[in-house]
Amino acid sequence: MSEHNFMTLEFASRSENEAFARVAVAAFVSQLDPTLNELTDIKTVVSEAVTNSIIHGYNNRTDGVITISTQIDDDVVRITIEDKGSGIADLEQAKQPLYTSKPELERSGMGFTIMENFMDEVEVVTAVGIGTKINMLKRIESKKALYN
């Protein structure tokens, strides 16, 4: 039997909402009984994507909206994080490890690298002046399956 569940959140592009987003997605995904490492991976990528939306997409403006959609299908988690901010002019450059468009903020430039390493699939859709959507997928190796 296929299990399908979903949730969607919308919140202001404020840095204090990053922790809320991370915890909300982790709480939703916890119904799959993920390992601590899997849960940490998910929380980390949500933090990275939301922070990128706030800092780069909205340039720290607090009047933007970030939308997170999370779906669970059996053991697969799909997370989409979307903003209607500035978009990314050169996606390939932005994906390069250590590249940051805001060096004055002492950013590491590792956001996309972290997302790609912690998730099974990452797709970035972006258009300058329209915004950015990050689609991520992770298969959860449920602890229940390990003990049966």
Side-chain angles (χ1 to χ4, degrees), residues 2-35 37-142:
S2 176
E3 292 294 323
H4 175 75
N5 198 357
F6 67 93
M7 68 98 179
T8 301
L9 295 172
E10 274 190 358
F11 53 91
S13 58
R14 303 175 66 93
S15 60
E16 57 265 39
N17 287 337
E18 176 267 326
F20 159 72
R22 180 180 65 233
V23 170
V25 172
F28 183 72
V29 171
S30 68
Q31 64 192 276
L32 291 179
D33 196 20
T35 65
N37 285 342
E38 290 169 333
L39 207 53
T40 299
D41 288 354
I42 288 169
K43 288 164 72 173
T44 301
V45 299
V46 169
S47 291
E48 291 292 334
V50 169
T51 299
N52 280 351
S53 289
I54 293 166
I55 291 175
H56 301 289
Y58 290 117
N59 202 27
N60 287 312
R61 288 189 350 258
T62 58
D63 61 343
V65 174
I66 298 170
T67 304
I68 298 180
S69 301
T70 306
Q71 293 183 60
I72 295 173
D73 289 297
D74 295 320
D75 64 343
V76 175
V77 175
R78 287 181 174 79
I79 302 169
T80 299
I81 299 176
E82 185 173 6
D83 66 60
K84 303 291 184 198
S86 60
I88 302 169
D90 187 340
L91 182 57
E92 289 311 308
Q93 182 182 42
K95 285 182 166 185
Q96 293 302 309
L98 305 177
Y99 172 78
T100 179
S101 63
K102 300 206 181 270
E104 70 279 6
L105 298 179
E106 297 182 17
R107 303 288 300 156
S108 71
M110 294 298 288
F112 285 123
T113 302
I114 290 168
M115 290 179 229
E116 290 170 347
N117 282 311
F118 286 13
M119 300 298 279
D120 295 319
E121 295 176 21
V122 176
E123 175 196 38
V124 181
V125 179
T126 188
V128 172
I130 295 174
T132 301
K133 181 190 292 189
I134 301 174
N135 298 307
M136 298 178 282
L137 179 145
K138 186 167 189 73
R139 283 179 186 78
I140 302 298
E141 301 294 329
S142 176

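The line from OG1 of Thr44 to CG of Leu39 is 9.5 Å long, rounded to the nearest 0.5 Å. In this structure, CD1 on Ile88 lies 8.5 Å from NZ on Lys95, to the nearest 0.5 angstrom. Rounding to the nearest 0.5 Å gives a distance of 9.5 Å between CG of Asn5 and CD of Gln71. Atom NZ in Lys138 sits 9.5 Å away from atom CD1 in Ile79 (nearest 0.5 Å). We find the CZ-CD1 distance between Phe20 and Ile68 to be 8.0 Å, quoted to the nearest 0.5 Å.
What you find for Lys43 and Ala26 is that their closest heavy atoms are CG-CB, 3.6 Å. The shortest non-hydrogen separation linking Asn52 to Gly111 is ND2-CA, 4.5 Å. The shortest heavy-atom contact between Phe112 and Ala94 is CD1-O, 3.4 Å. Val29 approaches Ile42 most closely through the heavy-atom pair CG1-CD1, 3.7 Å. The shortest heavy-atom contact between Tyr58 and Ser13 is CD1-CB, 3.4 Å. Taking each heavy atom of Glu38 and Glu141 in turn, the nearest pair found is OE2-N, 2.7 Å.
Inter-residue side-chain proximity for Arg78 and Asp73 is flagged as met; some heavy-atom pair is nearer than 4.5 Å. A heavy-atom distance below 4.5 Å is not found between the side chains of His56 and Asp83. Side chains of Asn60 and Ile54 form a contact here, defined as non-hydrogen atoms less than 4.5 Å apart.
No donor-acceptor pair under 3.5 Å is formed between the side chain of Ser86 and the backbone N or O of Gly131. Proximity of a side-chain donor or acceptor of Gln31 to a complementary backbone N or O of Phe28 within less than 3.5 Å is detected. Lys84 contributes no side-chain N or O that, together with a main-chain N or O of Gly64, makes up a donor-acceptor pair within less than 3.5 Å.
Each of Leu137, Leu32, Ile140 was evaluated against Val76; a single residue qualifies, Leu137, per the side-chain contact (heavy atoms from CB on, under 4.5 Å) test. Applying side-chain contact (heavy atoms from CB on, under 4.5 Å) to Ile134 and the options Glu48, Glu82, Met115, Met119 leaves one that passes, Met115.
Glu18 and Ser47 share a donor-acceptor pair across their side chains, judged by distance under 3.5 Å alone.
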Derivation of the side chain to side chain contact (heavy atoms under 4.5 Å, CB included) call for Val25 and Met7: CA-CA 9 Å; Val25 172; Met7 68 98 179; 3.9 Å; yes

